[in-house]
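Below, chain A is the first sequence line, B the second, and so on; all start at residue 1.
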2 protein chains.
Amino acid sequence: MPQPRFQRRKEQRPAEITQAALEAFAEHGYAATRVDDVAKRAGVSKGLLYLYFKTKEELFKAVIRSVVVPRIDALKTDIADTELSAEEFLRGPFLEFIKKLPDSPARIVVRLMIAEGPKHPDLTAYYCDKVISGGLAALRQLISRGVRQGEFRQSSLDEFPQLLVAPALLSIVWRTLFQKHYPLDTDKLLETHIELILRAIKVEQGDARGGAM
Amino acid sequence: MPQPRFQRRKEQRPAEITQAALEAFAEHGYAATRVDDVAKRAGVSKGLLYLYFKTKEELFKAVIRSVVVPRIDALKTDIADTELSAEEFLRGPFLEFIKKLPDSPARIVVRLMIAEGPKHPDLTAYYCDKVISGGLAALRQLISRGVRQGEFRQSSLDEFPQLLVAPALLSIVWRTLFQKHYPLDTDKLLETHIELILRAIKVEQGDARGGAM
DNA sequence: ATACTTACTGACCCAGCAGTCATTAAGATA
DNA sequence: TATCTTAATGACTGCTGGGTCAGTAAGTAT
């Protein structure tokens, strides 16, 4: 009794296809990936793919959205709900969060957004709104809390929360381009960064804990 | 009397073509740019372009090289030759240097490298060697000098000079993607960053810990 | 069973583009 | 001026790959 040549699985198809597309885009980038290749990876015909996604561009947007939404929501609720002090949060959950980025699908999304973003203004606006504004607002809130509670001195950091994540972006880019030519311990880099920032913004106590880092 | 239909200008052509290509790539990215469009921008026929560059990929590599080489050399000699103290150098020439990046062709090169780098290992190796290693070594040297002369305390920063330029990378990316949705004063961001880093690594006054560890 | 709906297939179409080459004319040489 | 070299042209080609659609068969209702 032969296997049926295919199964009808209307529900799962879109997710399977975006997952396959993510992998293909990760390897070749958007422009150089053939729709046919995505379909093959998903174990599906090209025709079916076009049944779920009107164009290659629509597929691209769906891929970005599928990765982006869950992650940023996690960080936002983390910051809102935590019991930790601002410093503890930065050293703990926040550091863990940015450490994971360079090996997560976020890496692929960042590369895709940088490469293709300018050609897709609506997608960029969406990304800006969902990821950037939301994420930065959450960080700003965290820093303000630190200032309010006397942990941190007043500084320009709450005007530029981007500075907290800049090294994460660098780590992501490094991983995609240089890691094998020029290895970099991104975990340690990110730890060092948090350490430096905290040293710069913490209110000085009389403690003069000036040890090397 | 009509203008001659074209002029023979063997010397200038390559530079004109790479310049045109840079502009075209900046607008559409590498893959989506047609060679014909580059030729038109350069005021030249496609055939001529192929006389100077064997393939589109060769043209791409030439573009990257044409932008990258002069800039990084400038920074390296600056650091080697300066009379300034390390702190003065960071606040002065270095800050100026990274402030210029987000509006310079470097922005385009960064985008192109992130998008296409993984597909061109030899180019990435070249870039890594010329730009990254060189630039980072120069920065490491600057920091070490600061430590040696008692300006800076020993820190992990000289292990990760990347942290000095991470916000510049972020500024570049921000400019290419979000600037019009979500304006950012990158100059001020970079100033803030230098300020924070210096506060973190400067030996505190009255603190006599020198170079020895 | 039988009829019916629709998820799914894959051969096909054709626009668009990298790369070629026979031809043209700018400018050097004498 | 006549001759030669080669920078420069642009029409042409072959192929790649996005997108289509007539047909097929999996599942469902009766």
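As a whole-Å value, the separation of A:Y50 OH from C:dC13 P is 18 Å. One interatomic measurement links the two molecules: CZ of A:F6 to P of C:dT6, which rounds to 15 Å at whole-angstrom precision. Atom P of nucleotide D:dG19 and atom CD of A:E58 are separated by 10 Å, given to the nearest angstrom. Straight-line distance from the CD atom of A:E11 to the P atom of C:dT6: 14 Å, rounded to whole Å. The nearest whole Å value for the distance from the NZ atom in A:K40 to the C1' atom in C:dG10 is 10 Å. Going from atom CZ of B:R9 over to atom P of D:dA7 covers 14 Å, rounded to whole Å. In this entry the distance linking NZ of A:K54 with P of D:dT20 reads 11 Å, nearest Å. Protein atom CG of A:L49 is 13 Å distant from nucleotide atom C1' of C:dT9, rounded to whole Å.
Between the CG atom of B:L170 and the CZ atom of A:F160 there is a distance of 11.0 Å, given to the nearest 0.5 Å. With rounding to the nearest 0.5 Å, the separation of CG in A:D81 from CG in A:D78 is 7.5 Å.
Considering only side-chain N and O atoms, A:Y52 lies under 4.0 angstrom from the phosphate OP1 or OP2 of C:dC8. Contact annotation: A:R13 side-chain N/O to C:dC8 OP1/OP2 distance is under 4.0 Å.
The aromatic rings of A:H120 and A:F60 are tilted relative to each other, their planes meeting at an angle between 30° and 60°.
Proximity note for B:R8 (side chain, C-beta onward) versus C:dG19, D:dA8, C:dC8: the nearest is D:dA8.
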Anything under 3.5 Å between a protein N or O and an N or O of nucleotides 10-17 of chain D, put it in a table, one pair a line.
from, atom 1, to, atom 2, distance (Å)
D:dG10, OP1, B:R5, NH1, 3.4
D:dG17, OP1, A:R34, NH1, 3.4
D:dG17, OP2, A:R34, NE, 3.4

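Using a cut-off of 4.0 Å between Lys/Arg side-chain N and Asp/Glu carboxylate O, A:E195 and A:R199 are scored as not salt-bridged. A salt bridge does not link A:E191 to A:K188: none of the charged nitrogens lies less than 4.0 Å from a carboxylate oxygen.
Looking at heavy atoms from C-beta onward, A:V165 lies in side-chain contact with A:F94 at the 4.5 angstrom threshold. Between B:I79 and B:F89, some side-chain heavy-atom pair lies under the 4.5 Å cut-off.
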Checklist entry - Between B:Q149 and B:S85, does a side-chain hydrogen bond (donor to acceptor under 3.5 Å, both in side chains) hold up when you go through it step by step? => result CA-CA 9 Å; B:Q149 301 192 345; B:S85 75; over 6 Å; no
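Applying a 4.0 Å cut-off to non-hydrogen atoms, none of the residues of residues 14-30 of chain B approaches DNA chain D.
Under a cutoff of 6.0 Å and an axis angle of 45°, A:K61 and A:Y127 do not form a cation-pi pair.
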